[in-house]
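Structure first, commentary second.
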Amino acid sequence: MPEPRRATYRNFRDAHGQLIDAGIVLWFPAPSSFTGENVAEFQGHGSPGALRAVLERCLSLGARLAHPGEFTERAYLNQRIDLAQAEAVADLIGAETIAAARAASRSLTGEFSGLVEAFCEELRTLRVLMEAAIDFPEEDIDVIAEYDVIRRIEETAVRLGEVVRAGRRGQLLREGLRVVLLGVPNVGKSSLLNRLAEADLAIVTDVAGTTRDLVQAQLSIEGVPISIVDTAGIRAGGDAIERLGMGRAVAAAGEADVGLVVVDAREDWRAAVSALREVVAVPERHIVVRNKIDIVGEAPAVHQEDGCTVIGVSALRGEGIDRVRSELLLAGGWDRQGGEGVFMARTRHLEALESARGYLERAARIEGSQADVMTEELGYAERALEAIVGRRVPDDLLGDIFSRFCIGK
Ligand SMILES: Nc1nc2c(ncn2[C@@H]2O[C@H](COP(=O)(O)OP(=O)(O)O)[C@@H](O)[C@H]2O)c(=O)[nH]1
Ligand SMILES: [Mg+2]
């Protein structure tokens, strides 16, 4: 046996003693391993043949292949990490930008879990106080007033709100934004895509109906992964291929989080947007981009009009493109003042945080500050938070979380 936790050079042999490969063996006796169980790690050369032979030898000696996420699941079940950290392992593996990877790392080290635990601790303290008040009413002190309970509940609710905001940023980093370019032919959608992607992805010509298929680009703005789709211009007529392209444009619009509606700066944008609406479902969250301002001699600018963000740009000259980038993030919900740290929050976490905050707000408003009703609300809030780190979670949720991992993680 190799010495624990020391890289040891060894030969790997098959059942007949034949050399398969030579490499490094690492031996992690329990409980000092990732899963908390005995773990041996073999590092060989990457050739598929040698790897398969080593694997087959291990299998014939009684090992079996791990299920997706099984290592992380065992680490969780053996209480090496909590559930939010386990999810962060998957998020780190799937991180598409460095900002997303950093956010996942913060969750993985337990920073997010630590915050959640601190909230639970505060709620427990308050509950113990109130239960004392219920059990010993004859003690004749007004616990709620004496210990400032209402103010503490309110403060906790406010701080929960801040964590939700930080979490929303993390969620955007994890899930990214889907953006669709919409507009009639020749307004400059493809030119704008190329500018945003800083590459010549889509063909630009002055022939209406140039773009027929969807052209997709992946970019990152302030670390938020953005997938942006250029579509065929929406117009009546066109040939069969162009009409198919329009069908795809309509479908892409339905899936997008944010729409970039491109119009010609010489036209009235309101009329252009309502004409477009007749044919395609423009995403609720959208920005109007008035392109070709070079022709009308305007400078790039952003303004709000009729509850809509309108940006003047010139895709030809590359003017105003940065404003499109930052308005896209705003429309997508990227909150620059979103609190200190960014955590890789999932929808599940945000819902739990929100519902805990709801219970607290209710508790603070209970008429006559009835201790028993307030205690109950505090208990609900605590349970919502506990589910984030994985205490009291139903088995099917666990199954769902770990089945999304890749094999071997
Ligand atoms: N003057 C001017 N022309 C532009 C601008 N953006 C695009 N164009 C031109 O408009 C035509 C159509 O552009 P394209 O990007 O193919 O439009 P799409 O059909 O909406 O994808 C091309 O000849 C472009 O060079 C702009 O900002 N200013
Ligand atoms: Mg085009």
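Numbering of ligands and ligand atoms starts at 1, following listing order. Values below: every heavy atom of this structure, side chains too, minus hydrogens, waters and symmetry copies. All values derive from a computational prediction rather than experimental measurement.
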Exercise for the section: Please list, chain by chain and in numerical order, all residues satisfying side chain to side chain donor-acceptor pair (under 3.5 Å) with Asp213, sequence neighbours excluded. Expected result: Arg248
Handout entry: Arg127, Arg159, Arg152 screened by side-chain hydrogen bond (donor to acceptor under 3.5 Å, both in side chains) with Glu122, the one that passes
Key = Arg152
Exercise for the section: Indicate whether any N or O donor in one side chain lies under 3.5 Å from an N or O acceptor in the other, for Gln18 and His16. Expected result: no
Practice task
Please determine which of Leu129, Leu360, Thr125, Val149 meets the side-chain contact (heavy atoms from CB on, under 4.5 Å) test together with Leu378.
Solution key: Leu360
Handout entry: Partner residues of Asn78 under the side chain to side chain donor-acceptor pair (under 3.5 Å) criterion, sequence neighbours left out
Key = Glu37
Practice task
Scan side-chain atoms only and decide if Thr8 and Glu3 contain a donor-acceptor pair under the 3.5 Å cut-off.
Solution key: no
Completion exercise
Report for the Mg ion (ligand 2), protein N, O or S closer than 2.8 Å, by chain and number, lists Ser190 OG, Thr211 OG1
Problem - Aromatic ring pairing Phe112/His349, orientation class (parallel under 30°, perpendicular over 60°, tilted between) - result: tilted
Practice task
Would you please write out the protein residues whose heavy atoms approach any atom of ligand 1 to under 4.0 angstrom, listed by chain and number?
Solution key: Pro185, Asn186, Val187, Gly188, Lys189, Ser190, Ser191, Val204, Thr205, Asp206, Asn291, Lys292, Asp294, Ile295, Ser314, Ala315, Leu316
Problem - Glu87 and Arg174 ion-paired at < 4.0 Å - result: no
Handout entry: Aromatic ring proximity, centroids under 6.0 angstrom, Phe71 and Phe34
Key = no
